[in-house]
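In what follows, a single structure is set out as structure tokens and then discussed.
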Amino acid sequence: MPKMAKRLIGQKYLAKVAQAELDWASQARDIRAGKKKSMLSLLEERGYVNAVAGGRDNLDKLMTNKRIGAYVGIDPTAPSLHVGHLLPFMVLFWMYVHGFHTISLVGGATAKIGDPTGRTTSRQAQPSAVRKANLHAMHYQVKALWRKVESYGEKHGYKWEWAWRRGIDNNTTWMEKLSVMELLKVLGPGIRLGTMLSRDTVKNKMENGDGMSFAEFTYPVLQAWDWWYMYNTKQPAIQLQIGGSDQYGNIVAGIDAIKYITKNHSNPELRQEKEDPLMTPYGLTVPLLTTSSGEKFGKSAGNAIWLDKEMTSSFDLYGFFLRSADADVERYLKLFTFLPMETIRSVMEEHTQNPSKRTAQHLLASELLELVHGKSAAEEAAQQHSRFSGNRSKSTTSTSPTLSSPTSETTPTSVTNPDINRSLNPHAPPTNWENAPPPNITLPRSLVYGMTFGRILYHAGLVSSYSEGNRLIQKGGVYVGSAPAQIGHQRDEVSFTPAKWGDPAATEQFVIDGQLLILRVGKWKVKVIKIVDDDEGGMERLRKGAERDYDEARKPVKVRKWKGGNDMPGEPVRSTKRASGESPVSGFEATHREGGRDELKSLRGTENKDVPQRPFRASTDSTDESARIRMHASDRPVTIRKQMSEWSGSDGSKGWRSVD
């Protein structure tokens, strides 16, 4: 029998665990003595608590005495979180910076069914490719959001400690291993049909909607199993579920499921003969997010304010909260920032004295944007509003913002461009969680099918040349979305396997539903490639134009330079210098002066707006015959290659000019 691998635990680790327990016990004594506020009291003071399932005082006592685990679940039915999602996440953020263990659960499995809560019509089934693209986009968005929370928390005095724990899980991990027989055996006997049929969601959909399918009917059961799985497998146990006010029924169903399983499980190690107060599950719901006029935030209401920069820009997001009504701004400062209550009260007093300055609204917009987009994006958006809006806000009356139209201003073009690859621009900052480029991109089928991964990396803007892409693959630095550690289609989870250099036909094995390919370089460079037919919006014409430009750029160089001044004839000298970049870049021209020479002008890609700086994006609305696919612009000056020929003028002058 092979020996089992043992994981050694060092003395330093045990010392850290013991110290963390002592610190928590000391904090609990201070709370009981009234020297500190409890976690639940802090959440109530800021307006996060709508209802508590399981008893308010019992939960308060548990959170004081024990470092419990808590989670928030989201289904990736869209490619981004919206402001409505942020409220339950803010509770999770506050708990994290106060030392609790937190889990963000992305429902890759439950998204296949769709939560029927609050709906009268069934959700339309999403294609597998769309669902996987949403899953990846949301996973990396949540991952980056947590990094920004740590940075934002440190700004407000919450310095990271060793005992803090956070994680991102996908319920596909355990749902794909769950059999129907196990679900019915472990949880089935504890589910009473009368209780399920009496829920408002079921009655509303049955009486006022299009009926309730069996899949929708079982959604609360699957959500309950998620909680039971994390309650049973995580250390510490996940004892608190946080959700919107509409999730109260599902949360109560989860509490009942955990209590039933722990009391009746066939495994004696999991069975609790007597209920342990320190292991009791609880639920907490946040209030429904609305404006003072009662308008809802959210995707279902059709007015979602997205947290993704591609869907709602930093400029628009800042502008939306800048126009918050005076009646809403104090509540939003409590809900969406880490600002101390004393600071909020002071700001509101200043705001009351001169509301036209909108001091509180500017602070709200800046703080929230720093939390979700990062400090640099917040500063840039504030500068843009100051520069483009001037003092218009001084004469603006406080009105509720229009949710369906975040801003009426045109978003100015940012001078920074996160899409520029560092290999193309050595002066660009390293890609990290704060400046990672948007993941979504569209490519024609001919630039994906029959291509090696090295070429696809180039087409997607992840590398500056085919050779660089091949070198990265050979070094094991490129990953493709797939089933874990094997070739094949990816399941509804975020998993990658190293890309292999070789047969171009092998690429097709990783294409999802013929329209999606997911690539990753390093930790944060991810591209979710949507594949479209070449004839969509002139894609074939664009592809041929790019190939023609590329082939032209690789022709041998014949450039003549004159000794002496510009207008002085002299002996031509052949230059063998090659262009410093491989990618074709527009914006270059040859100018001819009579009696002089042809002069080749080069522009710097990062300094001239005429030079495209974005990777290839498929355009479906271009009808211009001269359209060209945009390629990366190098930060280095690039000299275009042109064929030169000698000429003689009627006055005896000589020179060289380009041959078209």
Side-chain angles (χ1 to χ4, degrees), residues 17-18 20-29 31-32 38-41 43 49 51-73 88 91-92 94-96 98-105 163-167 169 171 174 178 182-183 185-192 195 220-243 247-285:
V17 171
E21 292 177 353
L22 290 174
D23 292 342
W24 194 268
S26 175
Q27 175 182 274
R29 287 193 296 269
I31 293 174
R32 287 192 291 268
S38 68
M39 186 72 247
L40 187 57
S41 297
L43 296 175
V49 180
V52 174
R56 186 267 174 204
D57 293 339
N58 292 335
L59 176 59
D60 189 29
K61 184 177 180 180
L62 176 67
M63 295 176 72
T64 299
N65 295 326
K66 184 181 178 183
R67 194 192 301 265
I68 65 172
Y71 92 97
V72 170
V91 177
L92 209 61
W94 274 107
M95 292 185 66
Y96 175 70
H98 282 81
F100 291 89
H101 294 189
T102 58
I103 295 292
S104 307
L105 181 65
W164 295 6
R165 294 288 184 274
R166 60 177 173 83
D169 277 345
N171 60 13
W174 54 82
L178 176 66
E182 182 181 4
L183 178 66
K185 173 187 172 184
V186 176
L187 182 56
I191 300 173
R192 315 311 298 177
T195 303
V221 178
L222 298 180
Q223 186 172 328
W225 187 269
D226 283 339
W227 193 359
W228 155 249
Y229 180 88
M230 292 185 290
Y231 175 91
N232 181 46
T233 60
K234 302 293 183 181
Q235 291 296 332
I238 305 300
Q239 292 179 249
L240 179 64
Q241 182 180 171
I242 304 164
Q247 290 293 312
Y248 187 83
N250 289 350
I251 291 174
V252 170
I255 293 174
D256 294 341
I258 291 175
K259 288 182 176 180
Y260 172 81
I261 295 174
T262 54
K263 185 178 181 180
N264 298 279
H265 204 285
S266 58
N267 186 344
E269 295 181 358
L270 301 178
R271 188 169 59 245
Q272 298 176 12
E273 300 296 340
K274 186 178 180 181
E275 186 174 342
D276 184 357
L278 290 178
M279 292 301 295
T280 302
Y282 293 89
L284 185 152
T285 61

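The basis for the numbers below is simple: all heavy atoms, side chains too, and nothing from hydrogens, waters or symmetry mates. The first residue in the sequence is number 1, and the count goes up from there.
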How long is the straight-line distance from OH of Y71 back to OG1 of T102, given to the nearest 0.5 Å? 13.5 Å

Any donor-acceptor pair under 3.5 Å from W228 side chain to T262 backbone: no

Give, for atom CD1 of I238 and atom CG of D226, the distance between the pair rounded to the nearest 0.5 Å. 12.0 Å

Close side-chain approach of T280 to L62, heavy-atom, < 4.5 Å: no

Do M63 and M95 make a side-chain contact, defined as non-hydrogen atoms from C-beta onward lying under 4.5 Å apart? yes

Check the angle between the aromatic planes of W174 and Y229 and answer parallel, tilted or perpendicular using the 30° and 60° thresholds. parallel

So which atom in Q235 and which in H101 form the shortest heavy-atom distance, rounded to 0.1 Å? O-ND1, 3.9 Å

Look only at the side chain of E275 and the backbone of K263, and say whether a donor-acceptor pair between them is shorter than 3.5 Å. no

If only atom types and distance count, is the side chain of K66 paired as donor or acceptor with the main-chain N or O of L278 below 3.5 Å? yes

Expected output: side-chain D60 to main-chain R56 donor-acceptor under 3.5 Å: no

Distance-only side-chain donor-acceptor flag, Q239 / Y231, under 3.5 Å: no

Can you tell me how far NZ of K234 sits from CD1 of I103, rounded to the nearest 0.5 angstrom? 4.5 Å

To the nearest 0.5 Å, what is the distance between CG on N232 and NE2 on H265? 7.0 Å

Do R32 and N65 have side-chain heavy atoms sitting under 4.5 Å apart? yes

Given W225 and V186, is the side-chain contact (heavy atoms from CB on, under 4.5 Å) satisfied, shown in steps? CA-CA 10 Å; W225 187 269; V186 176; 3.9 Å; yes

Show every donor-acceptor pair shorter than 3.5 Å between a side-chain atom in residues 250-261 and any protein atom, with sequence neighbours excluded, or say none if there are none.
unit_1: N250; atom_1: ND2; unit_2: T117; atom_2: OG1; d: 3.4
unit_1: N250; atom_1: ND2; unit_2: Q223; atom_2: OE1; d: 3.3
unit_1: N250; atom_1: ND2; unit_2: Q247; atom_2: OE1; d: 3.2

Which pair of heavy atoms, one from T64 and one from W24, lies closest together, and at what distance? O-NE1, 3.3 Å

Here the gap from L284 atom CG to L40 atom CG, rounded to the nearest 0.5 Å, amounts to 6.5 Å

On a heavy-atom basis, the closest approach of R67 and P236 is O-CG, 3.3 Å

Starting at CZ of R166, measure out to OG of S104 and round the result to the nearest 0.5 Å. 8.5 Å

Note: I242 and P88 closest approach over all heavy atoms is CG2-O, 3.9 Å

With the side chain counted from C-beta on, respond yes when V221 and L183 share a heavy-atom pair under 4.5 Å apart, and no when they do not. yes

What are the two closest non-hydrogen atoms of L59 and V52, and how far apart are they? CD2-CG1, 3.7 Å

Provide the closest heavy-atom pair for G54 versus Y282 in the form atom of the first, atom of the second, distance. O-CE2, 3.2 Å

